[in-house]
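Quick caveat, the model's predicted, so the values are computed rather than measured. Remember, it's 1-based here, ligands and their atoms both numbered in the order they're listed.
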Amino acid sequence: MCGIVGYVGDKQRPVVPLLIDGLKRLEYRGYDSAGVVVVSGGELHAARAEGKLGNLVAKLDETPLDGTYGLGHTRWATHGPPVERNAHPIFDSQGRVAVIHNGIIENFLELKKALAADGWSFSTDTDTEVIANLISSKLDGGGLLAAVQAAIAELDGMYAFAALTTAAGNGHQEIVAARQGPPLILGMGNGEQFLSSDPAALIAYTRDVVFLENGDVARLTPGTVEVFGADGQMVSRRRRHLDWDPVQADKGGYRHYMLKEIHEQTQAVQDTFAGRVDFATGEVLLDDFEVVDAALAGATRIHLLACGTSWHAGLVGKFLIEELAGVAVEVDYGSEYRYRNPIVDERVVAVGISQSGETADTLSALEAAQEKGAKLVAVCNVRGSQATRLADGVVYTHAGPEIGVASTKAFTTQLVALYLLALRVRQARGAKPVPALVQPLAKLPQALEQVLELEAKLEKLARRYRNAEDFLYLGRGINYPIALEGALKLKEISYIHAEGYPAGEMKHGPIALIDENLPVVAIATGDRVYDKVKSNMQEVNARDGIVIAVTDREADDLEEVADEVIQVPRLHDLLQPIVNVVPLQLLAYFIGVRRGADVDQPRNLAKSVTVE
Ligand code: M6R
């Protein structure tokens, strides 16, 4: 959703470039508009622009702003169209409080009515304006901190916001921020403090961070950071040192983050299993997993909860856990789970799969499972995120920062983490570790290297098929979720309509779509269903459809049924999806680029969906 960033400091850093630099790293969270506010000479000065951050930068080039401290925002519109009028920072009607906000205030209409009756006026369509007016209405009795604390007592909904004021008596540098739901991270420097929706915006300046808890209010001045809990009392929150490498968050010479992240999969996948398996004994070693182990030992069912690409990882996870550990698994969308009545008791273990650990639907589903007695596991990429704090045990994916909105390395590392989890479930239920089950992991990095060598071939295929209006992706068994993921990648970044389907189901409907213009990407690997998928390709071929086969066999084997053959290395059947998805990521990437789409920031999307 939206991205927020803030800075106070006595270092005399130029504040606007710092805020813009932070926003660049947060733009994946939304790019409907951007804005900054700085304080100079005891006055608030703001600049806002519709559309991408570049428009704001151009505006600032023409009319520069300067100040000593300030806030920045990049917007993913929820209330009101994505026009400059609704761009943040949003001011109160007296022009003395500026607010940047990520989230949704559910009772904003009621509050707006009450504030309007008291003489406060509104000039935007946003719910944020209610926050600004509310804070301003409470300023006169005390400082900004007290006003924010009083204001949040009246807010219903989800928010991470930061406020500044130049009201009389507030001559010192001060930012007050509050969190209820979406992430908010404070960065501590020497004589300077930062805040952001994502550590990626801070790591160039400091690695020492605090993740605010729900209900927290923080006050930042150049020399101090104070955090107050929901009861208004000062609290001490754990300071963490991030070990991320700042260059990891840059494009590193690639044209797009997405391509860079596709290439980083070799390392990311290796980092995710390294040190967690004993190749000699077959044991899986996970830190702080005792509570979960005890729950897994007697679990009757495992629920995998996630959204989007992470949900596809969950579908693969079901195969892994059922096959390796023999426990029944249900996979649910976070957004559906909480609105049905899932059968959950203390013998259920619920696993939330989330790159960001901040997806509102996944978090709500986890909370719903926890309320009914389930123990929670998070499979997550972001340390300290909400999912990891809710969970009784965490399996981190070591993908590093993923900036491209379309998930790639987060997905393949989730598959590795789920493989480890499946083996750990098996172990927790008393089965003897089997070295032969962990050893195939060692072959993954090299297999990924090999598959990345197909880049030029996929670029060529993308040129050939970039004008197709629809694509069909077929897979069976553990590769059916890979067909879904291939279709999602293409939809997201090229805006071509694509459907993923279980290959065997094609004859029950989608076969009607097939003609000479429809490319059908079919995944035919492994032994179990290879011949079946080959027959499905034959059915497409007989109806003049275009068959693009992803296979681990010799190309000759599919010569008669496929127009294009993408040959991938062969691995253990349960790890094969990790390799199979890579050509589909590359195909989607190159088609998106060829069609001139903005592959790192596709329209209407945001990286972390922190609203329902
Ligand atoms: O951070 P999460 O893994 O919880 O995000 C879930 C989805 O929003 C995410 O996977 C989304 O589908 C991506 N755009 C996929 O590329």
Mind checking whether His303 and Tyr337 have ring centres under 6.0 Å apart?
yes
Minimum heavy-atom separation for Ile4 to Ala162, with atom names?
CD1-N, 4.5 Å
Shell of residues surrounding ligand 1, defined by a 4.0 angstrom heavy-atom cut-off that is strict
Cys307, Gly308, Thr309, Ser310, Ser354, Gln355, Ser356, Thr359, Val405, Ala406, Ser407, Lys489, Glu492
Can you list every pair that meets side chain to side chain donor-acceptor pair (under 3.5 Å) and has a residue in residues 573-585, with sequence neighbours left out?
Gln265-Gln585, Asn479-Asn580, Thr525-Asn580, Gln576-Asn580
Before accepting this row, confirm whether a basic side-chain N of the pair Glu322/Lys318 lies closer than 4.0 Å to the acidic partner's carboxylate O.
yes
Answer yes or no: is there a donor N or O on one side and an acceptor on the other, between the side chain of His88 and the main chain of His101, under 3.5 Å?
yes
Tightest non-hydrogen contact, residues Ala325 and Val425, listed as CB-CG1, 3.6 Å
